[in-house]
Amino acid sequence: MCSETFKVLDNVPMGIFVLQDDLTVMFWNRCIENWTNIPREQIVGTNIGEHYSHLREPRYLSRIKPIFEGGPPTIFSAQLHKHIIPSWGLNKQLRIQHTTVTAMPATEGNGFFALFVIADVSDLTIRIQEYKTLRDQALEEIKMRKEAEMKLKEFNQNLEAIVVQEIEKRRRHEELLIQQSKMAAMGEMIGAIAHQWRTPLTGLGLLFDDIKDAGEYGELDQFYLNRVVEESGQLIGFMSKTIDDFRNFYRTNKEKVRFNAKEAVEETLSLFSAQLKNNNIAVQILCAHNTNDIFCVYGYPNEFKQVILNVVNNSRDAIIERVEKSEFSNGLGQINIEISEQDDRINVSIKDNGGGIKADILNRVFEPYFTTKDAQKGTGIGLYMSKIIIENNMDGKLYAKNIDDGCVFVIELNRCKD
Amino acid sequence: MVLNTFQVDALTELINIGVGRAAGVLNEMLMAHVSLQVPSIRLITRSNIKQELEGLFGKSASIVRMGFRGPFSGIASLIFPPDSAANLIGLLIGDLNMEADMDAIKIGTLTEVGNIVLNGVMGSLANILMKHVEYSIPIYQDSNVHNFITPYDTTEQPIILLARTRFRIETQLIEGDIILVFEVGSFESLISELNSSLDITQ
């Protein structure tokens, strides 16, 4: 009876079976036959509870019973009832099933049968699970990325503070260096003034002796006095000018100006030549051009002069040290300053025969506080300041290299075109 | 149509019985304490249907609906705000970190809950008539409730029976609305049957 009535359900690709009110199986379609490996002939006419005892439990029975009275359909969803008719799928896992039970009028017109239609939602469930896993991973990654971004942001904020601190530290350090540099310059100035004053002071001393003698010998007339006053005035004027010259030399320029590099070198040497001469060091300026105009540069003239002085002083100290160690064959120190121009550049090369710089420290001579001299002689900031003046303030270059018997410091500056 | 106190009480009682039955089924099935309450019922009639619905269901919702046909016809629906739906599923399967978006498996779960509740209510109503009502298979949809109800009736506005339900699972409270939309004439048939079955006179 049932086979004929329900035969059409064999063509449906879902597990379908029909129960009557006493839970006897009326129909078992081909699909569910394949799923369960229970042939229709074996199960039809038997109680479903004999095969699947959980269907006798109240939680199922209470929802199936109303169907036999023509009640509304009942749904057993896949999440709450995964395997209503447990059966193994091709993937060796139990099929996940979504079941709908509906009432259908019994053939004899008495009561209703329950039609179970089971959809295999294993693939769908697996796909959703995979999708959820992927999504969870993506969300986790996003979360981790956000956390990393937050940390990075925090780090950057801290970094900013560290950088600000470091900049401030460096600024203070440079201020200190500048201060030390000024003190060193002052020392240099006093030394230089002492050298420059020695001759006029001796002159003045001699004049006083002469006045004394003139007094004793009755030669102290008006003419004599006028001459002595004039000579003293000249000497005192020279001394005064010396102070002015040095003060100008060490005054810091506030603004960049156009100046002549060659003249600046000459002025520097004129101030300090007495000292150099005193140490038996010959200084020579070499320049192929007669006209000075082509050596115009743009920058801070006094700072530039200090650079020349720093480098020359280094050469001087190296030569003196060499003399003290008796390393000189001919005993004569030599500093040659060569000024040349090439294209848009002006080169000032200061060469000496002080023995050169050891190769392993050649790269370090411009570092702050790096010195090979005695603590009393060198502070280690002269060349560092020189590099800052030339490279940072005047867009030029300052470097050193060894040559035969000495070294050369090269200053490269941009030339003013007109 | 205006209902008298007895009729309102009778309808409330029937729906309470249905909801109580549904709660029993859910308890049994989930082995967790589920309580369902129907504090009150409301009848939304033809004249004020539009503004009532706009006020009640402006936003989208998760809806399980089941059609019925027989001595009285219409659509029975269980409606949850989206968050409530996700929370409910989360509680049912023991995952409280449930995302609000629905997938086919979650839809299946929610459909089953809707099915249990609606079966309880419809079974309770049908029982008093002692007549057979045909039901369609429950389906799920995400929709604006207003859009869902109004296209149903093209000629005249239907009568809507609204019962606000509260699900309480363990300590969590989830709100949902049971809505019965009756075709023209059907609600009158139901009330008439109600009158005769319970011997209530207008």
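Order of the sequence lines sets the chain letters (A, B, ...), proteins ahead of strands, with each chain counted from 1.
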Can you tell me which portion of [X] sits under 4.5 Å from chain B's heavy atoms? Options are side chain, backbone, both or neither.
X: A:Thr100; answer: side chain
X: A:Phe112; answer: side chain
X: A:Pro66; answer: neither
X: A:Thr74; answer: both

Determine the option with the most heavy-atom pairs under 4.5 angstrom with chain A, choosing from B:Thr111, B:Thr109, B:Val25.
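Maximum pair count with chain A is reached by B:Thr109.
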Option in B:Leu110, B:Ile107, B:Ile137 with maximal non-hydrogen atom pairs under 4.5 Å from chain A
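It is B:Ile137.
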Where do B:Gly67 and B:Ser136 come nearest, in terms of heavy atoms and distance?
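Heavy atoms of B:Gly67 and B:Ser136 come nearest at N-OG, 2.8 Å.
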Looking only at heavy atoms and a cut-off of under 4.5 Å, which of A:Gly70, A:Ala78, A:Ala103, A:Ser62 has the most pairs with chain B?
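Looking at each of A:Gly70, A:Ala78, A:Ala103, A:Ser62 in turn, A:Gly70 comes out on top.
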Taking only Lys NZ, Arg NE, NH1 and NH2, and the carboxylate oxygens of Asp or Glu, determine whether A:Glu168 and A:Arg171 approach each other closer than 4.0 Å.
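Counted as a salt bridge, because a side-chain N and a carboxylate O are separated by less than 4.0 Å.
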For atom CD of A:Glu50, decide whether the heavy atoms of other residues, nucleotides or ligands shown that lie under 6.0 angstrom number more than 12.
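Yes, because the 6.0 Å sphere around CD of A:Glu50 holds more than 12 heavy atoms from other groups.
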Within a 6.0 Å radius of atom CG on A:Leu134, are there more than 12 heavy atoms belonging to other residues, nucleotides or ligands?
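Yes - once you tally the heavy atoms of other residues, nucleotides and ligands closer than 6.0 Å, there are more than 12.
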Please identify each residue that fulfils side chain to side chain contact (heavy atoms under 4.5 Å, CB included) with A:Ile38, with sequence neighbours left out.
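Once residues adjacent in sequence are excluded, the partners of A:Ile38 under the side chain to side chain contact (heavy atoms under 4.5 Å, CB included) criterion are A:Trp28, A:Thr36, A:Gln42, A:Ile43, A:His51, A:Tyr52.
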Is it the backbone or the side chain of B:Asn115 that comes under 4.5 Å from a heavy atom of chain A, or both, or neither?
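Just its side chain gets close to chain A.
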Flag this pair as yes if the NZ/CZ of B:Arg69 is under 6.0 angstrom from the six-membered ring centre of B:Tyr135 and inside a 45 degree cone about the axis; otherwise no.
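No, a cation-pi geometry is absent between B:Arg69 and B:Tyr135.
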